[in-house]
Amino acid sequence: MALKALLAHVLISRQPVLRTSIKYRPSRIMCVLAMQREVHKKMITYGISGLLLAVLFTAAIFHLVIQPFYEPTFLPLDTFSSFEELENFLMTNVEQAKNLEEKGWIPLLQGGEATRMDSETYGATEAASDYSPTNIQVAGVDEADTVKTDGEYLYVISNNTIIILKAYPPEAAQILSKITLNETYNTQIYIDQDKLAVLGNNYVVAPTYRLYPYYLGNTFLRVYDISNRSKPLLTRTMGLNGTLSGSRRIGDYIYLAVNQPALQSKVGQTEQEVTLPKIYSDDTLIEVQATEVRYVNMTDIFYYFTTIIAVNIQNDTQEPTYEPFLIGSTATMYVSARNMYLTMPNNNMWLLAEVAARQDETLIYRVKLDQENILCEAQGAISGYILNQFSMDEYDNIFRVATTTWTNEGTKNNIYTLNMTLHTIGKLEGLAPGERIYSARFIGNRCYLVTFRQVDPFYVIDLKTPTKPKVLGYLKIPGFSGYLHPYDEQHIIGIGKQDSNVKLSLFNVTDVTAPTEAVDSFIISASWSDTPVLQDHKAFLFAKSKQLLVLPISTHFTVFKDGKYYTTNHYQGAYIFNITLEEGFKLKGTITHHPLTSTTYYIEYRHQVQRTFYIKNTLYTISEARIKMNTLDTLQPINEIEL
């Protein structure tokens with residue numbers, strides 16, 4: 001189909017009036033395409049996370065000098081009347097996308113799949129008993145992780161093996177059993193009483209009509225009875241076509257979101273065929289029917305089936321329930337105690353390459369969760385892109401979200417409030433022009449927002465009246481905070497970077513009109529230092545009752561020798577802090593799993609501390625190689641177990 005005919009078709013199918021346009025600029029587009037394809041080839045093995053998805057999209061928009069016009073798209077969900085209708089819908093629209101891709105017009109998402117979805121109640125991670133749970137976002141909504149503890153046992157994924165250990169008391173710690181996993185990736189676990197749930201992916205390369213191959217995932221869920229920790233018993237096995245994008249556990253139910261390309265190549269051929277989702281539950285095959293699939297009636301670049309599945313891990317005989325959608329690949333997910341919110345960029349912008357309309361729009365779908373009952377109840381759209389799960393929150397039946405919008409004049413940032421039908425009822429737009437969101441945290445009637453360009457504006461935003469969000473005050477300091485965590489109702493911990501080093505901040509919001517730093521910030525000084533907490537909040541350990549803060553930290557130093565710069569003295573381990581409002585951050589000590597010398601040139605991944613937990617007065621540091629146990633008060637070693 002000729003480009004003009006394609007644009008005419010799209011414009012007719014998209015009824016809202018398009019008010020602005022841009023000219024195609026080959027030199028800039030080709031540069032962006034080359035850059036993005038190179039990035040894509042390097043990252044596709046791991047999938048595209050929601051964060052990188054947003055960054056690549058917005059960077060392309062900015063460099064193409066697109067002038068956005070925004071008016072939220074209303075996209076009602078329809079259902080297909082037959083398989084033939086679904087097939088015709090896909091074939092027609094994908095052929096259009098294929099034509100553009102072959103011309104080099106579609107630079108992004110050449111089959112990559114989002115793998116993290118990666119999510120505000122104060123005290124969500126403060127344990128009721130004397131051990132630390134996974135650092136989660138919403139109280140009562142558990143998140144899968146590579147390590148779990150129930151206060152007596154540890155469950156650790158190491159080298160494609162799940163290791164169950166008797167962890168307390170530490171002097172008697174020992175490995176009780178191992179579960180071997182074959183060729184699995186993105187593997188994580190849940191613990192619910194005497195049930196262990198293991199979920200993840202197996203990947204295979206799938207050829208398609210696209211210019212590049214991509215990785216097609218198969219998702220698995222296995223449930224073990226661990227009433228006897230020395231002899232785990234496999235009681236349930238499930239398989240699903242597609243890649244696991246995210247999951248949550250509420251009570252006895254695990255909710256999984258699985259992405260699957262809607263069109264796949266026939267074996268040994270280039271011809272495409274529609275492949276509907278399938279769910280394998282022990283000896284039962286559940287085939288999703290075309291008439292069950294809900295979809296948005298609009299042209300898109302590519303299509304995925306996103307299937308939400310509910311599984312009762314305490315009742316192995318209860319069949320899973322599901323809700324399938326034909327939409328773009330889910331980028332980010334937020335889950336409250338009652339609802340799951342799926343968000344994704346509106347990729348239709350790339351089909352309107354000569355017309356600038358809705359260039360930075362995020363689509364949102366609300367799925368109600370009630371044990372095994374799953375129902376999509378609302379859909380909506382907002383301007384801008386969402387950084388991660390912490391940019392979203394549900395509070396008193398109001399959905400709040402923070403976004404960054406890119407224009408040819410730079411960036412701006414926004415706060416939107418939506419009702420349960422996902423209609424916008426309040427907004428605060430144009431925050432921090434020229435900067436973008438680096439972290440957000442919603443706590444009660446407030447939002448704490450960090451934007452960054454050269455300094456770190458820390459915003460306190462009032463959401464008490466959802467229809468009229470407003471800035472109460474802000475503080476500008478060097479660096480940025482990439483993760484925010486409540487210390488108490490009046491103080492917020494910030495973990496970020498200043499120059500090339502990790503920076504710890506403690507913000508005082510007692511006077512909301514003039515927030516301050518409660519104490520001096522703490523900088524982990526080296527030529528370079530970093531922490532995985534900036535990408536993965538589950539690596540963060542904080543317990544106010546114990547005045548405890550623990551972060552995995554990596555450092556190295558640069559030396560100049562013989563006219564060249566060298567990096568040496570690499571270090572990786574857990575940094576343990578005492579944290580109080582009076583004295584701030586006091587470094588108690590560090591624990592490493594790597595045999596260090598004065599000229600360490602690198603740290604092997606298996607020796608990197610990835611998680612830390614405490615049980616009573618014992619601190620557990622965990623890498624793929626070992627578990628170390630130290631006293632919390634003096635950090636004296638107690639025991640060590642090789643994995």
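Bear in mind that the values here come from a model prediction, so they are computed numbers and not experimental data.
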Check the orientation of [X] and [Y]. Use parallel for under 30°, tilted for 30 to 60°, and perpendicular for over 60°.
X: H537; Y: F390; result: perpendicular
X: H491; Y: Y487; result: perpendicular
X: F325; Y: Y365; result: tilted

Is it true that [X] and [Y] have a side-chain N and a carboxylate O under 4.0 angstrom from each other?
X: R446; Y: D393; result: no
X: R338; Y: E394; result: yes
X: D462; Y: K468; result: no

With a cut-off of 6.0 Å (strictly less than), are more than 12 heavy atoms of other residues, nucleotides or ligands near CG of D520?
-> no
In terms of heavy-atom contacts, does NZ of K588 have more than 12 from other residues, nucleotides or ligands at under 6.0 Å?
-> yes
Do [X] and [Y] come close enough that some side-chain heavy atom pair is under 4.5 Å?
X: I493; Y: I579; value: yes
X: I524; Y: Y575; value: yes
X: I553; Y: T555; value: yes
X: I415; Y: K427; value: no
X: N569; Y: H556; value: no
X: Y474; Y: F458; value: no
X: V141; Y: I136; value: no
X: K546; Y: L541; value: no

Do [X] and [Y] get their side chains close enough for a donor-acceptor pair, meaning under 3.5 Å?
X: E429; Y: Y416; result: yes
X: S383; Y: T405; result: yes
X: N259; Y: T243; result: no
X: T590; Y: Y571; result: yes
X: T404; Y: N413; result: yes
X: Y483; Y: N135; result: yes
X: S529; Y: N501; result: yes

Identify which one of T411, L431, I437 satisfies the side-chain contact (heavy atoms from CB on, under 4.5 Å) criterion when paired with T451.
-> I437
May I have the step-by-step check of ring pair (Phe, Tyr, Trp, His ring centres under 6.0 Å) for F577 and F522, ending in yes or no?
-> CA-CA 10 Å; F577 296 88; F522 187 101; 5.1 Å; yes
Compare every heavy atom of P515 with every heavy atom of G473, then report the nearest pair and how far apart it is.
-> C-CD, 3.9 Å
Test ring pair (Phe, Tyr, Trp, His ring centres under 6.0 Å) applied to F399 and Y341, step by step | CA-CA 9 Å; F399 182 61; Y341 295 85; 4.1 Å; yes
Start with the C-alpha gap between T306 and L342, add the side-chain angles, then the distance that decides, and say whether side-chain contact (heavy atoms from CB on, under 4.5 Å) holds.
-> CA-CA 10 Å; T306 294; L342 304 175; 4.2 Å; yes
Yes or no on side-chain contact (heavy atoms from CB on, under 4.5 Å) for E143 and K538, after CA distance, side-chain angles and deciding distance?
-> CA-CA 9 Å; E143 302 181 31; K538 297 167 192 173; 3.5 Å; yes
Using the side-chain contact (heavy atoms from CB on, under 4.5 Å) rule, take L548 and I576 through it: C-alpha gap first, then chi angles, then the decisive distance, then the call.
-> CA-CA 7 Å; L548 177 69; I576 300 93; 3.8 Å; yes
Derivation and outcome, side-chain contact (heavy atoms from CB on, under 4.5 Å), residues N339 and V367 | CA-CA 6 Å; N339 294 293; V367 181; over 6 Å; no
Any donor and acceptor pair, going by atom type alone, linking the side chain of D396 with main-chain N or O of I398 inside 3.5 Å?
-> no
Side chain S439, main chain S481, donor-acceptor under 3.5 Å | yes
Calculate, to the nearest 0.5 Å, the distance between atoms OG and CZ belonging to S132 and F540 respectively.
-> 12.0 Å
Scan T343, T362, N414 and name whichever one has a side chain to side chain donor-acceptor pair (under 3.5 Å) with T403.
-> N414
